[in-house]
Amino acid sequence: MDAAKKAARIARKRAQIRLSFISRPSYDPQAPLPPLARSLRGGRGGKVRLKLLLTYLWMQTKDRGVALAYPAQVWARLLDLEQPETAGARRINEAQAWLEKHDFITTQAQPGRANKVTVLSEAGDGSLYVAPGAAAKALSSDPNKARHHYYAQIPATFWTNGYIQLMTGPGLAMYLILLDQYALTNGPPQPVWISPAAFKAYYGLSQDTRAAGIKDLTELGLVTTGRQSINPDDFDLERIRNVYTLKPEQLDMPARRQPQAIRGSHDEFLDLVDPPPLTPDRE
């Protein structure tokens with residue numbers, strides 16, 4: 001927690017994450033996986049590399065990127081990895097190597113000092129980093145191009161109050177997915193449901209990941225699960241689905257895990273043929 005609070009002095013108040021990092025832009029299960037799914041599914045260590053990349057993005061305080069040069073054990077302490085001076089630092093080095101191999105960062109050796117890390121676009125295409133807010137603003141006269149830079153925001157309390165440190169990989173993925181669902185809406189968060197077909201098409205993750213992620217977020221108090229009728233206004237047999245509501249105000253409180261059962265965790269899989277939801281950015 002002390003490391004996170006020190007990092008917050010030089011980081012953004014809110015990290016900016018492009019929606020294209022989280023989701024495919026269209027309903028196409030055959031399209032390349034979005035970077036979020038690639039990070040988690042890229043073998044052992046997905047949780048650490050995803051947390052590390054998000055932390056790098058949190059610390060990009062300028063429109064054209066900021067090089068970062070801190071020892072691996074500093075990042076390990078920030079992310080609360082076990083044995084930060086040894087095993088934790090090794091996991092950070094492994095995560096950095098994966099991120100560099102897949103074009104999310106470049107590293108430059110500095111004899112006698114920590115490697116310099118330069119963040120590239122979170123699209124993982126090797127292009128130079130440009131803050132999404134600045135990129136979208138520069139393209140405001142061309143909405144079709146600007147939409148590629150639409151983004152979600154994560155407040156600094158995600159780090160300073162211990163949430164990213166406690167989250168599992170699936171929990172972090174589902175948190176980002178819910179941010180994606182809310183990104184272009186106004187007002188307080190409303191209940192969200194994503195059909196299994198749409199979940200696969202847009203996010204490329206498994207239903208097991210969804211169930212584990214919602215459980216993790218529920219234990220941390222970041223999500224509430226409710227029940228909602230699929231077709232309350234017609235004569236068909238009534239079917240019930242689980243809906244999820246994000247609780248952003250919870251991030252203002254220190255993170256605490258409270259295990260609890262999630263009622264009807266598989267009820268949302270009853271209807272496999274419903275069309276995907278038409279969120280504003282995908283109509």
Side-chain angles (χ1 to χ4, degrees), residues 3-4 7 10-12 15-24 31-132 134-135 148-149 151-152 154 158-159 164-165 167-170 172-173 175-176 203-205:
I10 55 175
R12 285 183 177 270
Q16 298 181 359
I17 314 296
R18 282 177 172 82
L19 302 185
S20 58
F21 175 81
I22 305 168
S23 171
R24 292 176 173 123
L33 289 172
L36 170 60
R38 286 163 47 201
S39 299
L40 281 181
R41 292 173 58 174
R44 183 177 179 273
K47 176 179 70 173
V48 174
R49 56 179 169 256
L50 178 56
K51 290 183 177 184
L52 186 61
L53 179 57
L54 291 178
T55 303
Y56 287 159
L57 293 173
W58 176 44
M59 301 188 77
Q60 297 307 297
T61 54
K62 296 182 179 179
D63 291 347
R64 291 288 175 176
V66 176
L68 305 168
Y70 299 98
Q73 57 265 34
V74 171
W75 299 111
R77 284 196 295 270
L78 173 59
L79 296 179
D80 197 29
L81 302 184
E82 293 184 3
Q83 300 177 323
E85 307 300 320
T86 54
R90 187 162 54 248
R91 294 176 72 188
I92 292 295
N93 288 329
E94 291 171 354
Q96 285 183 343
W98 189 94
L99 291 171
E100 182 167 32
K101 179 180 178 181
H102 292 84
D103 295 325
F104 291 103
I105 64 172
T106 62
T107 62
Q108 178 183 346
Q110 301 187 111
R113 301 176 58 193
N115 289 348
K116 181 185 292 185
V117 174
T118 300
V119 176
L120 303 176
S121 169
E122 64 265 47
D125 58 7
S127 61
L128 295 177
Y129 176 83
V130 180
H148 296 298
H149 302 288
Y151 61 95
I154 305 176
F158 195 66
W159 286 265
I164 193 171
Q165 293 88 342
M167 276 188 187
T168 64
L172 186 52
Y175 178 78
L176 292 172
Y203 303 111
L205 294 170

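Everything numeric in this text was worked out from a predicted model, so none of it was measured. Just the heavy atoms: all of them, side chains too, but no hydrogens, waters or symmetry mates, feed the values below.
Residues Trp98 and Ser39 approach most closely at CH2-CA, 3.7 Å, considering heavy atoms. When all heavy atoms are compared, the tightest approach of Leu205 to Arg41 is CD2-CD, 4.2 Å. In this structure, Ala173 and Leu36 approach most closely via the heavy-atom pair O-CD2, 4.0 Å. Shown here for Arg24 and Pro32, the closest heavy-atom pair between the two residues is NE-O, 3.2 Å. Here the closest heavy-atom approach between residue Gly204 and residue Ala37 is recorded as O-CB, 4.0 Å.
Qualifying ring-ring contact (aromatic ring centres under 6.0 Å, His included) partners for His149, counting only residues two or more places apart in sequence or in other chains: none. Annotation: side-chain hydrogen bond (donor to acceptor under 3.5 Å, both in side chains) contacts of Thr107 (sequence neighbours excluded): Glu100. Remark: Thr168 pairs with Pro170, Asp216 by the side-chain contact (heavy atoms from CB on, under 4.5 Å) rule, at least two apart or across chains. For the side-chain contact (heavy atoms from CB on, under 4.5 Å) test, residues two or more places apart in sequence or in another chain that qualify with Ala134 are Asp63, Ala131. Here Tyr151 pairs with Gln16, Pro132, Gln153 under the side-chain contact (heavy atoms from CB on, under 4.5 Å) rule; sequence neighbours left out. For Tyr175, the ring-ring contact (aromatic ring centres under 6.0 Å, His included) partners at least two apart in sequence or on another chain are Phe158.
A distance of 5.0 Å separates CD1 of Ile105 from CG of Leu99, quoted to the nearest 0.5 Å. Between atom CG of residue Leu78 and atom CD1 of residue Ile164 there is a gap of 8.0 Å, rounded to the nearest 0.5 Å.
A ring pair (Phe, Tyr, Trp, His ring centres under 6.0 Å) check over residues 110-132, counting only residues at least two apart or in different chains, returns nothing. Legend: side chain to side chain donor-acceptor pair (under 3.5 Å) pairs involving residues 47-61, not counting sequence neighbours, sorted by first then second residue: Thr55-Trp159, Tyr56-Gln96.
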Show which side-chain atoms of residues 64-76 pair as donor or acceptor with protein atoms under 3.5 Å away, not counting sequence neighbours.
residue : atom : partner : partner atom : Å
Trp75   : NE1  : Tyr70   : O            : 3.3

Solution key, residues 108-127 side-chain donor-acceptor pairs under 3.5 Å, sequence neighbours excluded:
residue : atom : partner : partner atom : Å
Gln110  : NE2  : Ala114  : O            : 2.8
Ser121  : OG   : Ala123  : N            : 3.1
Glu122  : OE1  : Arg18   : NH1          : 3.0
Glu122  : OE2  : Arg18   : N            : 3.0
Glu122  : OE2  : Arg18   : NH1          : 3.4
Asp125  : OD1  : Ser127  : N            : 3.0
Asp125  : OD1  : Ser127  : OG           : 2.7

Which donor-acceptor pairs under 3.5 Å do side chains of residues 82-95 form with protein atoms, sequence neighbours excluded?
residue : atom : partner : partner atom : Å
Glu85   : OE2  : Arg77   : NH1          : 2.6
Asn93   : ND2  : Ala89   : O            : 3.4

*Under the side chain to side chain contact (heavy atoms under 4.5 Å, CB included) criterion, do Ile154 and Leu176 qualify, and how do the steps go?*
CA-CA 9 Å; Ile154 305 176; Leu176 292 172; 3.8 Å; yes
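Annotation: side chain of Phe104 is in contact with side chain of Pro35 (closest heavy-atom distance under 4.5 Å).
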